[in-house]
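A quick write-up on the structure given underneath.
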Amino acid sequence: MSSETAHVQKLADDLTRWLTEDALPAWHAGGVISDTGECYDSIDLATQQGVPGDRRARVIPRQIYSFLEGARLGWKGPSESVATRLWAWFSDTYRMPDGTFAATAAMDNTLTDARFDLYNQAFVLFALAHMADKIPACASSAEADAKSLVEVLVKSYKHPVIGFREDNPDRTPLRANPHMHLFEAAMAWESISNDPMWSGMADELAELALTKLIDPVNGGLREFFDLHWGPLLGDEGRILEPGHHFEWAWLLVRWGTSRADADALVAARRLYDIGWTYGIDESRGATFMSINDDFSARDPVARLWGQTEWIKAAIALAGISVGAEREAYTADISLSVAALTAYFEDVPAGLYRDKWHVDGSFEDEAAPASSLYHIVCAISELNAFAKSL
């Protein structure tokens with residue numbers, strides 16, 4: 001076994017042990033309401049119990065994925081039961097008459113925000129793909145639910161040129177972020193379904209990124225756009241997020257490799273280079289929230305999720321590189337894992353901080369459930385890479 005293989009394997013083993021022995025047990029015990037099959041949006045670090053309050057629609061599908069993928073990685077808990085009960089509650093509570101899903105619900109399951117958000121629909125599709133893949137009894141119904149939701153999105157929210165609208169009637173800005181997660185969901189479905197719809201959807205979203213979202217001059221990826229996919233005028237249109245540069249790089253490597261598309265791989269390397277060069281604070285060794293379109297620092301808070309996307313992108317690019325370039329990306333895997341595990345320190349086992357300030361302090365707040373999905377996905381990618389060596 002080479003030193004590279006041994007080191008990556010140890011990183012994978014250590015994080016997987018933390019996930020399966022600490023994190024998922026903690027989130028099952030404190031984050032899931034056993035009587036009803038519902039879940040909380042966060043866990044209090046002091047009590048290690050769920051914090052009552054509105055539950056965001058984006059959280060429940062993420063938790064479905066986290067428990068199912070966590071079981072594949074070795075968690076011994078009742079993943080299928082947790083996932084199916086979460087889905088039943090989510091579907092009953094959040095599903096709107098038109099087939100889309102509302103944004104938030106209170107503890108008594110009354111909707112507190114019934115608005116459409118494309119971001120939430122993307123995670124519904126993503127969770128359904130993992131239910132179809134990992135729970136055989138759910139495969140048929142999950143695919144039917146996913147196709148039904150896509151039909152609604154195409155009918156009522158399709159952009160006339162490419163991608164999707166934010167609302168009907170239109171609302172600005174158009175956002176890159178929901179399309180990134182639609183891209184992720186489409187590729188998850190593509191890997192398990194024979195329906196060409198999913199590959200077509202993935203191809204369109206890759207084209208969106210390569211032709212509209214990524215700046216043709218500097219290679220950076222903007223977050224906000226006007227109704228014609230031009231950069232949004234004003235300060236908001238200047239925002240670039242290093243964590244999303246890493247996340248898009250990971251996705252474009254996956255798509256570009258499967259399609260033998262050299263342009264996608266070139267774009268992915270440039271996105272990574274921007275995130276690495278301008279979006280990592282040397283004092284913390286962590287990627288921070290946002291930069292401007294001239295690559296100057298904008299928001300220095302380092303969120304946990306940004307570190308997981310750095311891990312995934314470094315793994316993806318190491319996997320398609322050789323020689324010194326591969327060594328550099330592999331070294332970044334170690335650095336990004338170190339950045340992530342800093343959020344696990346000085347908190348109960350299996351929980352984590354979320355916001356790391358430039359002065360070195362962490363925000364004193366409950367651990368958000370939404371971050372678990374990011375962590376599980378990074379650990380899953382690290383495991384797969386370790387096994388490939």
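Values below: all heavy atoms of this structure, side chains included; hydrogens, waters and symmetry mates excluded.
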For the residue pair [X] and [Y], confirm or rule out a side-chain donor-acceptor distance under 3.5 Å.
| X | Y | result |
| --- | --- | --- |
| E309 | H244 | no |
| N168 | S156 | no |
| S380 | R72 | yes |
| N218 | R270 | no |
| D354 | W305 | no |
| N177 | E241 | no |
| D195 | W189 | no |

K147 and E143: salt bridge (Lys or Arg N to Asp or Glu O under 4.0 Å), yes or no, with the steps? CA-CA 6 Å; K147 289 181 179 179; E143 186 157 18; 3.7 Å; yes

Can you tell me which residue among S42, P368, S370 is in a side chain to side chain contact (heavy atoms under 4.5 Å, CB included) with V59? S370

So, [X] side chain and [Y] main chain: donor-acceptor pair closer than 3.5 Å or not?
| X | Y | answer |
| --- | --- | --- |
| H159 | L227 | yes |
| S2 | T5 | yes |
| T110 | A106 | no |
| T308 | I375 | no |
| T287 | G279 | yes |
| D359 | S361 | yes |
| D41 | R56 | yes |
| S199 | P196 | no |

[X] [atom1] to [Y] [atom2] distance, which is reported to the nearest 0.5 Å:
| X | Y | atom1 | atom2 | answer |
| --- | --- | --- | --- | --- |
| E207 | D263 | CD | CG | 11.5 Å |
| T330 | F385 | OG1 | CZ | 4.5 Å |
| W255 | D261 | CH2 | CG | 4.0 Å |
| S66 | W27 | OG | CH2 | 9.5 Å |
| L240 | R222 | CG | CZ | 6.5 Å |
| M96 | T100 | CE | OG1 | 6.0 Å |

Exercise: identify the closest heavy-atom pair between [X] and [Y]:
| X | Y | value |
| --- | --- | --- |
| K312 | C377 | NZ-SG, 3.5 Å |
| P242 | M289 | CD-O, 3.4 Å |
| R254 | M187 | NH2-CB, 3.9 Å |
| I291 | A297 | CG2-CA, 4.2 Å |
| G99 | L149 | O-CD1, 3.6 Å |
| L271 | A249 | CD1-N, 4.1 Å |

Using the six-membered ring wherever Trp is involved, compare the ring planes of F246 and W310 and label them parallel, tilted or perpendicular (cut-offs 30° and 60°). parallel

Mind checking whether W356 and Y343 have parallel, tilted or perpendicular rings, split at 30° and 60°? perpendicular

With a cut-off of under 6.0 Å to the ring centre and 45° to the axis, is [X] in cation-pi contact with [Y]?
| X | Y | answer |
| --- | --- | --- |
| K158 | F164 | yes |
| K212 | W229 | no |
| R85 | W89 | no |

Residues, nucleotides or ligands: over 12 heavy atoms within 6.0 Å of [X] [atom1]:
| X | atom1 | answer |
| --- | --- | --- |
| D92 | CG | yes |
| K10 | NZ | no |
| N194 | CG | no |

Same cluster or not: are [X] and [Y] linked, directly or through other Ile, Leu, Val, Met, Phe, Trp or Tyr residues, by side-chain heavy atoms under 4.5 angstrom apart?
| X | Y | answer |
| --- | --- | --- |
| I239 | I274 | no |
| Y40 | L304 | no |
| V347 | I379 | yes |
| L251 | I162 | yes |
| L210 | W250 | yes |

After noting the C-alpha distance and the side-chain angles of Y94 and I60, does the key distance pass the side chain to side chain contact (heavy atoms under 4.5 Å, CB included) rule? CA-CA 10 Å; Y94 292 78; I60 300 105; 3.6 Å; yes

Stepwise salt bridge (Lys or Arg N to Asp or Glu O under 4.0 Å) check, R298 with D235: CA-CA 11 Å; R298 183 184 182 97; D235 187 59; 2.5 Å; yes

Give every donor-acceptor pair under 3.5 Å between a side-chain atom in residues 114-129 and any protein atom, sequence neighbours left out.
| from | atom 1 | to | atom 2 | distance (Å) |
| --- | --- | --- | --- | --- |
| R115 | NE | D113 | OD1 | 2.9 |
| R115 | NE | D113 | OD2 | 3.4 |
| R115 | NH2 | D113 | OD2 | 2.9 |
| D117 | OD1 | Y119 | N | 2.9 |
| D117 | OD1 | R175 | NH2 | 2.7 |
| Y119 | OH | R62 | NH2 | 2.3 |
| Q121 | OE1 | F101 | N | 3.0 |
| Q121 | NE2 | F101 | O | 3.0 |
| Q121 | NE2 | D117 | O | 3.0 |

What verdict does the side chain to side chain donor-acceptor pair (under 3.5 Å) test give for S321 and R269, after you've listed the backbone C-alpha separation in whole Å, the side-chain angles of each residue and the deciding distance to 0.1 Å? CA-CA 10 Å; S321 302; R269 283 186 165 91; 3.2 Å; yes

Could you tell me whether R259 and D203 have a side-chain N and a carboxylate O separated by less than 4.0 Å? yes

Salt bridge between E69 and K134, side-chain N to carboxylate O under 4.0 Å? yes

Are the aromatic ring centres of H179 and W248 under 6.0 angstrom apart? no

Side-chain donor-acceptor distances from residues 332-340 under 3.5 Å, at least two apart:
| from | atom 1 | to | atom 2 | distance (Å) |
| --- | --- | --- | --- | --- |
| D332 | OD1 | W276 | NE1 | 3.4 |
| D332 | OD2 | Y272 | OH | 2.7 |
| D332 | OD2 | W276 | NE1 | 3.1 |
| S334 | OG | H7 | NE2 | 2.6 |
| S336 | OG | D332 | O | 2.8 |
| S336 | OG | I333 | O | 3.0 |

